[in-house]
Amino acid sequence: MRLNRKLEHIEFSLRQKNNEGATGFSDITLLHNPLPQLNWDEVDTSCAFLGQRLKAPLLINAMTGGHPQLESINRSLAAAAAAAGVALAVGSQRAALEDCSTRSSFTVVREVNPHGVILANLGAGCTLAEAKEAVDMIKADAIQLHLNAPQELAMEEGDRKFRGVLENIRLLAQNLEVPVIVKEVGFGMPKETIRRLVQAGVRHIDIGGAGGTDFIAIEQARAGKEAVYSWGIPTAVSLLEGLAEGNHDIQLIASGGIRNAIDSVKALVLGCFLVGMARPLLEIVIQESERSLIQYLKKYIEEIRRLMLMLGARTVQDLKKVPVVINGPTYHWMCRRGIP
Ligand code: FNR
């Protein structure tokens with residue numbers, strides 16, 4: 001059942017249409033800087049993450065593994081991450097914990113990308129021993145713990161027990177030797193959740209907002225049903241919720257429906273640390289090739305560089321000083337929620 005589900009997630013996610021505008025980034029305008037006082041060669045898109053240097057603040061977010069047919073996809077994602085100098089997360093390693101024969105679909109990422117930043121991935125209800133095994137399996141630099149209650153509830157065979165997850169996250173954050181990154185899978189997080197995670201000792205949070213891949217719709221489609229409503233907090237809004245906590249010790253990752261360099265730069269200007277993308281990258285590997293993905297990522301980083309120059313930002317840190325105007329539903333949301 002789990003093996004087929006992995007393949008079906010890919011198949012049904014690729015059928016999803018882009019939901020333009022649903023992330024909230026169209027409400028955000030960056031102020032053009034006619035006097036950037038910079039040369040092209042001076043602009044530096046690199047950033048530090050988990051003690052290493054990335055060529056750009058980008059993450060190929062968790063997607064797959066756990067089936068023999070998926071090894072080649074993970075191989076390509078890892079090779080592209082290495083060539084472009086960005087971070088990579090593997091999909092949930094649950095299958096490999098239960099069936100050793102599927103481990104190579106995960107371990108391949110370390111083989112082809114021995115020095116890159118690689119993140120392990122399991123559901124946030126996993127045990128400490130499972131989390132340690134997932135990290136060791138791929139010599140991960142950190143582990144993503146995913147929160148996905150809406151997806152589980154949309155699956156007939158899905159989990160129904162969500163009590164105690166926060167306490168478990170606290171235990172894992174205290175006892176693992178690598179950092180814990182708590183992530184949503186496309187439904188976003190309000191500031192109250194972010195506060196509770198920070199109180200539990202978490203310092204890295206991927207707000208995984210709505211507007212991109214929709215896992216309720218994917219699970220409904222797998223069951224032959226139509227999705228009747230959309231659910232979740234749009235990505236830009238969820239990022240602003242997280243930033244409203246004003247905690248400079250936490251690193252927020254923005255993901256969910258990010259499809260172009262301008263939305264990535266908007267997220268960085270608002271204050272995220274890293275931008276994550278999932279489905280569009282999978283689509284390129286499956287429908288085109290590993291080479292196309294490498295070219296795509298390199299072009300994407302050049303586009304970020306161009307935008308940085310037009311904004312007068314020499315470094316990724318400088319982006320945080322760029323003036324920004326927030327309009328529309330995102331502005332009203334901020335007023336209603338008391339977000340400055
Ligand atoms: C995912 N995602 C995901 N997340 C996770 O934490 N563990 C997982 O195993 C998976 N599996 C998975 C499979 C497929 C086919 C897709 C497309 C996505 C969720 C992913 O990491 C991300 O949070 C969402 O897809 C939202 O980002 P995008 O796709 O809108 O950029």
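In each ligand, atom 1 is the first atom listed, and ligand 1 is the first ligand listed.
For the ligand labelled ligand 1, residue G208 lies outside the 4.0 Å heavy-atom shell.
Numbered from 1 in the order shown, with element, the atoms of ligand 1 that lie under 4.0 Å from a heavy atom of R259 read 28 (P), 29 (O), 30 (O), 31 (O). Atoms of ligand 1 lying under 4.0 Å from any heavy atom of F215, numbered from 1 in the order shown and given with element: 1 (C), 2 (N), 12 (C), 13 (C), 14 (C), 16 (C), 18 (C), 19 (C). The distance from ligand 1 to the heavy atoms of H9 drops below 4.0 Å at these ligand atoms: 15 (C).
By the 3.5 Å distance cut-off applied to N or O atoms, S92 is counted among the residues near ligand 1. Considering backbone and side-chain N/O of N121, one or more are found under 3.5 Å from N/O of ligand 1. The shortest N or O to N or O distance between S13 and ligand 1 is not below 3.5 Å. For ligand 1, the polar-atom distance check against A62 finds a nitrogen or oxygen pair separated by under 3.5 Å. Any N or O atom pair closer than 3.5 Å counts here, and L282 shares no such pair with ligand 1.
Residues L293 and A80 come closest through the heavy atom pair CD2-CB, 3.5 Å. Considering every non-hydrogen atom in both T64 and F106, the closest pair reads O-CE2, 3.6 Å. Residues A124 and V165 approach most closely at CB-CG1, 3.7 Å, considering heavy atoms. When all heavy atoms are compared, the tightest approach of T213 to R259 is N-NH2, 3.6 Å.
Here the heavy atom of the protein found nearest to atom 12 (C) of ligand 1 is M63 O, 3.3 Å. The single protein non-hydrogen atom nearest to atom 24 (C) of ligand 1 is V185 O, 3.6 Å, given as residue, atom name and distance. Atom 4 (N) of ligand 1 has as its closest protein heavy atom K183 NZ, 2.8 Å.
The backbone N or O of V285 lies less than 3.5 Å from no partner atom in the side chain of S289, so there is not a single donor-acceptor pair. The closest donor-acceptor contact from the side chain of R103 to the backbone of L97 lies at 3.5 Å or more, if one exists at all. At least one donor-acceptor pair under 3.5 Å links the side chain of D141 to the backbone N or O of I118. Between the side chain of K266 and the backbone N or O of I28, at least one donor-acceptor pair lies under 3.5 Å.
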Between E130 and R94, is the salt bridge (charged side-chain N to carboxylate O under 4.0 Å, His left out) condition met? List the steps. CA-CA 8 Å; E130 288 169 340; R94 169 68 44 203; 3.0 Å; yes
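By the criterion of a heavy-atom distance under 4.0 Å, both the backbone and the side chain of T213 are placed next to ligand 1. For H146, every heavy-atom contact with ligand 1 shorter than 4.0 Å involves the side chain, none the backbone. In A278, the parts holding a heavy atom less than 4.0 Å from any atom of ligand 1 are both the side chain and the backbone.
Of the residues K183, Q93, H146, the one that meets the side chain to side chain donor-acceptor pair (under 3.5 Å) test with N121 is H146.
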